[in-house]
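Numbered from 1 within each chain, the chains take letters A, B, ... in sequence-line order. Note: hydrogens, waters and symmetry copies are ignored here, and every other heavy atom, side chains too, is used.
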Amino acid sequence: MENKLYVYNSKTRKKELFEPINPGHVGMYVCGPTVYNEVHLGNVRTFVSFDVIYRYLKYSGYKVRYVRNITDVGHLTESGEDKVLKRAKLEQLEPMELVQKYTNMFHEMMSIFNTLNPDIEPRATGHLIEQMEMVQEILDNGYAYEKNGSVYFDTLKFNDDYKSYGKLSGRKIDELLTETRDDLKNQDEKRHASDFAIWMKASDEHIMKWNSPWSVGFPGWHLECSVMSTKYLGETFDIHGGGNDLKFPHHENEIAQNIGARGVEPVKYWLHSNMLLMNGRKMSKSDGNTISPYELFTGESPHVSKGYSPMAVRFFMLQSHYRSTLDLTDQAMQAAEKGYKKLMDAAHILNSMEHPGKGEVTDKDKKILSILEAMENDMNDDFNTPKALADTFELVNYINKLKDGHLDFKEISVDTFNKMKDTFVSFVYDVFGFRKEAAGDDKGMFEGMVELLITIRNEARANKDWATSDLIRDKLKEIGIQLKDGKDGTSWSKVG
RNA sequence: GGUCGGUUUGCCGAGUGGCUAGGCAACGGUCUGCAAAACCGUGUACACCGGUUCGAAUCCGGUACCGACCUCCA
């Protein structure tokens with residue numbers, strides 16, 4: 001924590017010095033997925049981005065409480081249907097069954113990408129009581145009104161009192177009011193076009209519904225994040241993250257709800273990650289410009305020539321800044337795959353390398369120290385992973401030169417070498433969150449190796465090179481593999 | 001239509017008012033039985049038009065194009 005961290009705050013549109021509300025502690029909330037479908041690659045980018053932010057905050061010595069929710073109710077489609085219900089009907093599952101299915105798949109995917117688990121992962125349906133309480137608070141404060149069993153947030157009154165609706169997303173309420181949304185459900189119940197539901201009365205056929213003072217219904221989508229962030233992080237907390245496209249209306253409404261209920265601005269720093277594009281356009285299922293994580297891994301997609309490993313994808317993502325759009329192309333993925341391998345090879349080499357002693361402080365030594373410093377400075381500058389990664393590759397060059405003898409250990413002091421080792425390894429594994437990947441199927445590789453040794457041994461036997469032949473057989477037996485020479489060739493089995 | 005952002009070398013992608021980003025690809029070399037890896041070296045940039053400046057790709061203005069949001073979206 002010696003160096004100062006600056007973060008780009010979407011709300012002020014400036015880089016600001018990061019000063020947590022409680023020194024040494026950080027409260028961070030990130031909008032999680034709506035679990036009605038397989039997580040798509042764009043979501044993954046957002047969660048990977050905030051994973052690195054979480055990791056770096058921890059690396060910097062902060063005690064972080066990271067909350068990421070699961071949305072399992074209240075998120076409606078354009079036509080006003082609940083996303084979860086719609087999908088559950090389609091898959092012929094109980095809504096909670098569907099939610100569990102896609103929650104499990106989401107967790108699996110997060111694990112594949114080696115993201116750390118949040119410290120708390122609350123669900124919207126687990127916080128109905130609290131949501132109703134907040135609706136009541138907002139009503140009591142006069143920033144909401146009830147109509148036919150539904151409760152709407154009064155954006156106009158809120159804006160009159162606080163002059164802040166639309167501040168985050170840079171929108172003016174007058175413009176929002178003039179927009180036509182005739183096609184939206186229950187539009188006539190709202191007093192103003194920009195008002196939004198915080199409690200909705202359910203129709204008879206709607207399954208996911210709860211008793212409330214206003215109607216049998218369900219909470220509005222924006223409410224859960226206000227409620228759960230407040231519950232677990234307090235009325236005001238440090239970081240709120242999410243995808244760019246959640247800025248409006250989701251985050252704008254979240255702020256309004258929190259202020260409407262408690263009179264307090266909930267978030268000190270708003271962080272938004274940018275979109276993942278493919279071939280220059282936003283990924284979109286409707287026009288086929290999309291690829292699922294699994295398709296990307298297997299290569300079963302017209303958009304890629306082959307499959308790419310999850311860590312290569314993670315590397316690809318970290319090679320751009322989280323606030324920039326990132327364009328996925330096959331060529332870019334190939335480049336990322338090779339770069340990732342080069343990085344990890346160097347990490348492996350460095351890990352098994354020891355300084356023989358007797359090093360001196362030279363220009364090279366100083367250069368390495370300055371790179372190590374630069375890596376932290378890069379991350380302190382709004383989590384600039386591409387630049388930190390670029391600096392890491394300068395170290396890769398030094399590591400390879402040490403290995404090949406192009407650079408003498410004498411030119412680097414023991415202290416510097418050890419510091420490089422520590423920092424490099426911490427950055428690669430702890431901050432960037434890369435992990436070693438098995439090259440393909442381990443079992444297949446093992447069997448292939450044994451077959452290979454048998455081939456070599458048979459070669460030796462044919463040449464009557466009994467020494468080599470026996471050496472292979474005896475050494476294999478030592479590690480638990482018994483060879484048996486039969487009429488039909490050599491077979492093997494594991495023993496012991 | 002409104003709001004915001006972008007346009008960097010063959011591709012992806014950082015950054016800065018004057019100093020090599022980096023990865024991948026290309027070319028030449030070293031090493032090597034061959035290959036791979038690694039190392040050394042090379043080239044091609046900052047959309048366009050104006051302005052500010054000793055100096056701008058970097059700041060300002062305009063133009064063109066692209067994208068996101070405004071409606072479910074990470």
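- Annotation: salt bridge (Lys or Arg N to Asp or Glu O under 4.0 Å) contacts of A/Glu121 (sequence neighbours excluded): A/Arg68.
- Phosphate contact (OP1/OP2 of B/rC39, side-chain N/O of A/Asn397, threshold under 4.0 Å): present.
- Among the protein residues, A/Leu41 comes within range of no part of the nucleic acid, since none of its heavy atoms lies under 4.0 Å from any strand.
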**Report entry** Letter per nucleotide, 5' to 3', of nucleotides 17-29 of chain B [B base touched, S only sugar-phosphate touched, - untouched; heavy atoms, 4.0 Å]
**Finding:** ----BBBSS----

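- Computed from coordinates, the A/Leu343 CG to B/rA38 P distance equals 12 Å when rounded to whole Å.
- Contacts of A/Asp345 with the nucleic acid, taken as non-hydrogen atoms under 4.0 Å apart, are absent.
- Atom-to-atom, CH2 of A/Trp270 to P of B/rA74 comes out at 15 Å; the value is rounded to the nearest Å.
- Scanning atom types as modelled, one donor and one acceptor separated by under 3.5 angstrom connect the side chain of A/His40 and the base of B/rA74.
- Not counting sequence neighbours, A/Tyr36 has no partner by the ring pair (Phe, Tyr, Trp, His ring centres under 6.0 Å) test.
- Using a 4.0 Å heavy-atom distance criterion, A/Ser273 is classed as making no nucleic acid contact.
- Phosphate proximity of B/rC40 to A/Lys401: present, with a side-chain N or O under 4.0 Å from OP1 or OP2.
- Counting any heavy atom pair closer than 4.0 Å across all strands shown, A/Thr392 reaches no nucleic acid atom.
- Atom CG of A/Leu326 and atom C1' of B/rA14 are 13 Å apart (whole Å).
- Using a 4.0 Å heavy-atom cutoff across all strands shown, A/Asn384 reaches sugar-phosphate atoms only and no base atom.
- Residue A/Gly42 is classed as a base contact, given a heavy-atom separation below 4.0 Å to a base.
- Under the ring pair (Phe, Tyr, Trp, His ring centres under 6.0 Å) criterion, A/Tyr56 pairs with A/Tyr59, not counting sequence neighbours.
- Residues that satisfy the ring pair (Phe, Tyr, Trp, His ring centres under 6.0 Å) test with A/Tyr102, not counting sequence neighbours, are absent from this structure.
- Remark: A/Ser324 is in phosphate contact with B/rA14, judged by side-chain N or O atoms under 4.0 Å from OP1 or OP2.
- A cation-pi arrangement, defined by a distance under 6.0 Å to the six-membered ring centre and an angle within 45 degrees of its axis, is absent between A/Arg191 and A/Tyr152.
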Which side-chain N or O atoms in residues 399-407 of chain A pair as donor and acceptor under 3.5 Å with protein atoms at least two apart or in another chain?
from: A/Asn400; atom 1: ND2; to: A/Val396; atom 2: O; distance (Å): 3.4
from: A/Lys401; atom 1: NZ; to: A/Asn397; atom 2: OD1; distance (Å): 3.2

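- Phosphate proximity of B/rA68 to A/Asn244: absent, as no side-chain N or O sits under 4.0 Å from OP1 or OP2.
- The ring pair (Phe, Tyr, Trp, His ring centres under 6.0 Å) check on A/Tyr340 picks up A/Phe434, with sequence neighbours excluded.
- Taking atom CG of A/Leu402 as the reference point, atom C1' of B/rA38 lies 13 Å away to the nearest angstrom.
- RNA chain B forms stems at B:1-7 with B:64-70, B:10-12 with B:22-24, B:26-30 with B:38-42, B:47-51 with B:59-63, each a run of 3 or more consecutive Watson-Crick or G-U wobble pairs whose two key distances fall under 3.5 Å.
- Although no hydrogens or angles enter the test, the distance criterion places no donor-acceptor pair under 3.5 Å between the side chain of A/Arg435 and the main chain of A/Tyr429.
- Note on A/Arg323: nothing from the nucleic acid sits closer than 4.0 angstrom, heavy atoms only.
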Going by atom type alone, with no hydrogens or angles, which donor-acceptor pairs under 3.5 Å involve a side-chain atom of residues 344-353 of chain A and a protein atom two or more places apart or on another chain?
from: A/Asp345; atom 1: OD2; to: A/Lys341; atom 2: NZ; distance (Å): 2.9
from: A/Ser352; atom 1: OG; to: A/His348; atom 2: O; distance (Å): 3.3
from: A/Ser352; atom 1: OG; to: A/Ile349; atom 2: O; distance (Å): 3.1

Is there any protein nitrogen or oxygen under 3.5 Å from a nitrogen or oxygen in nucleotides 43-45 of chain B, and what are the pairs?
none

Using atom names, set out every protein N or O paired with an N or O of nucleotides 30-36 of chain B below 3.5 Å, distance rounded to 0.1 Å.
none

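- The salt bridge (Lys or Arg N to Asp or Glu O under 4.0 Å) search around A/Glu295 returns none, not counting sequence neighbours.
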